[in-house]
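Presented below is the structure to which this report refers.
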Amino acid sequence: MERKKSNVICNVKKFRLKKGWSQQELAETVHVRRQAIYDIESGRYLPNTGIALRLARTFGCRVEDLFVEQVSPEAEPVHVIDDIDEEPSTRLALGRVRDRLIGLPLHGSESIPFGLRSADGLLNPDKKSAFILDASNRLEKTIILMGCDPAFEILSQHVSRIAPEARVHCRFASSHRALNSLADGVTHVAGTHLHNNGETEANVAVAKEKLSGMNGCVLGFSLLEEGLMVARNNPLGIRSVVDLAQPMVRFVNREAGAALRVLLDDHLKCAGIDGNSNINGYRNEVHTHREGAYRIACNVADAALGLRAIAEAYNLGFVPIAAARCDLVIPKDILNHPTMKVFLDVLQSNPLRKELDSLPGYEGGSITGKMIAEL
């Protein structure tokens, strides 16, 4: 097999699901390994001519129906608006004003949505019911995703572009809270980026523990860089968690149980440092990356746990500690949700991977949409 070109869309999975076949069943029918079917469907490879013809005969269609060339739009001149005397961001919000394409850079505070978010409903005075503002069929096509990867909003937008009637509501939650919410049935998907201990896959192990026998799958989403957010140009010269023990450093921590808090405590233990006794602000907690970044931006803290992408959004400095894989945990019955097919297709799409790769401190191409484990 040869490596897939980025402008070819693979529809093998769509035809396979119409038949109600598993990847193994299709592999046996066309005389290839199951891994080959997975690689073809995930967009990592294009099959050779013989396999492509066997797939087409199996489904009773043309090869062109299974593998569609996507014609990329030609490059178009753009007028980039930027008030900052720096190189413009690669990521742009685009709009056409008369005959001119205008690009609004998505960096710093501009990468965070402007304005108030419209509600789907209003809580009634009884506190037990809601006045619905949106169409009921739109609510049926809405997925709730809980986790703490800020790139989930990008995933949500990609889903809406392909299917405007489909929505993904993203809600910030630590990995443990997201998995607990999944077990309690109050979210469709949980995002988790727990840190591995030895060869144990922490995301998979904790998901199995919290879901206690619930069938499902764990899909890769992103690789993201974690560490310490600090003031711009790092005026205190913070280079590692050891420097947090300096008396002049005002630190702000994450809540107990948060993946970044566990990461910090592991590094402090290895360094022989008692955070409670030696770090100014160790018991001062926030519950999101953005809260910590905001405190540094307002000069009420010097360091906080967070992601490189959030640090850059707030024009802060960053000290890397580790890279973590963020996974998506999806129960088996949720795979039948009307929006889930679009959701899964987007995870396999080249545009999403390319945008994740463009984010500071992110990598998506090698992991996004990859099957990590079945529960």
Contacts of Glu374 meeting side chain to side chain contact (heavy atoms under 4.5 Å, CB included) (sequence neighbours excluded), chain-then-number -> Arg34, Met371

Tell me whether the count of non-hydrogen atoms from other residues, nucleotides or ligands lying under 6.0 Å of OH in Tyr294 goes above 12. no

Could you tell me the separation between the CG atom of Leu335 and the SG atom of Cys217, rounded to the nearest 0.5 Å? 5.0 Å

Glu225 vs Arg308, salt bridge (Lys or Arg N to Asp or Glu O under 4.0 Å): CA-CA, chis, key distance, verdict: CA-CA 6 Å; Glu225 197 172 10; Arg308 180 181 291 277; 2.6 Å; yes

From Leu228 atom CG to Leu244 atom CG, the distance as rounded to the nearest 0.5 Å: 5.0 Å

Is there a path of hydrophobic side-chain contacts, each under 4.5 Å between heavy atoms, that joins Leu224 and Val189? yes

Closest non-hydrogen contact found for Ile330 with Met340 is CG2-CE, 3.9 Å

Backbone N or O of Leu194 within a donor-acceptor pair of the Asn203 side chain at under 3.5 Å? yes

When you check the gap from the basic side-chain N to the acidic O, do Arg325 and Glu201 get nearer than 4.0 Å? yes

Could you tell me the separation between the CZ atom of Arg353 and the OG atom of Ser222, rounded to the nearest 0.5 Å? 13.0 Å

Under 4.0 Å between a side-chain nitrogen and a carboxylate oxygen: does that hold for Glu41 and Arg16? yes

Does anything in residues 177-191 form a side chain to side chain donor-acceptor pair (under 3.5 Å)? List the pairs, not counting sequence neighbours. Asn180-Lys210

Would you compute the distance between atom OG of Ser42 and atom CG of Leu347 and round it to the nearest 0.5 angstrom? 11.5 Å

Tell me, please, which residues at least two apart from Arg100 pass salt bridge (Lys or Arg N to Asp or Glu O under 4.0 Å). none

Look only at the side chain of Asn48 and the backbone of Ile51, and say whether a donor-acceptor pair between them is shorter than 3.5 Å. yes

Can you see which heavy atom on Val30 is nearest to which on Arg54, and at what distance? O-NE, 2.9 Å

All side-chain hydrogen bond (donor to acceptor under 3.5 Å, both in side chains) counterparts of Asp99, not counting sequence neighbours: none

Residue pairs passing the salt bridge (charged side-chain N to carboxylate O under 4.0 Å, His left out) test with at least one member in residues 116-143, sequence neighbours excluded, are Asp120-Arg167, Asp134-Arg138, Asp134-Arg167

The reported gap from CG in Asn11 to CZ in Phe59 (rounded to nearest 0.5 angstrom) is 10.5 Å

Non-hydrogen atoms of Gly103 and Val78 that approach each other most closely: N-CG2, 3.6 Å

Do the side chain of Glu28 and the main chain of Glu25 share a donor and acceptor less than 3.5 angstrom apart? no

Anything under 3.5 Å between a donor and an acceptor, one on a side chain of residues 354-362, the other on a protein residue two or more places apart or in another chain? List them.
unit_1, atom_1, unit_2, atom_2, d
Glu355, OE1, His158, NE2, 2.8
Glu355, OE2, Arg91, NE, 3.1
Glu355, OE2, Arg91, NH2, 3.2
Asp357, OD1, Gly364, N, 2.6
Asp357, OD1, Gly365, N, 3.2
Ser358, OG, Glu355, O, 2.6
Tyr362, OH, Asp149, OD1, 2.4

Other members of the hydrophobic cluster containing Phe131, with the 4.5 Å side-chain heavy-atom rule, please. Leu122, Leu133

Residues passing the side chain to side chain contact (heavy atoms under 4.5 Å, CB included) test with Ala183, sequence neighbours excluded, are Leu211

Any idea which heavy atoms bring Ala297 and Tyr314 closest together, and the distance? CB-CD2, 4.5 Å

Heavy-atom closest pair (Gly306 atom, His289 atom, distance to 0.1 Å) is CA-ND1, 3.8 Å

Tell me which one of Ile273, Asn278, Asp274 satisfies side chain to side chain contact (heavy atoms under 4.5 Å, CB included) with Asn276. Asp274

I'd like to check the salt bridge (Lys or Arg N to Asp or Glu O under 4.0 Å) partners of Arg283; sequence neighbours left out, ordered by chain and number. none

Give a yes or no on whether the ring-centroid distance for Phe152 and Phe221 is below 6.0 angstrom. yes

Residues that Asp65 engages under salt bridge (Lys or Arg N to Asp or Glu O under 4.0 Å), provided they are two or more places apart: Arg62

Pairs involving residues 294-307, ordered by first then second residue, that meet salt bridge (charged side-chain N to carboxylate O under 4.0 Å, His left out) (sequence neighbours left out): Arg250-Asp302

Heavy-atom closest pair, residues Cys148 and His193: SG-NE2, 2.9 Å

Sequence neighbours left out, what passes salt bridge (Lys or Arg N to Asp or Glu O under 4.0 Å) with Glu285? Give chain and number order. Arg261

Approximate separation, where rounding is to 0.5 Å, of Glu226 CD and Leu264 CG: 11.5 Å

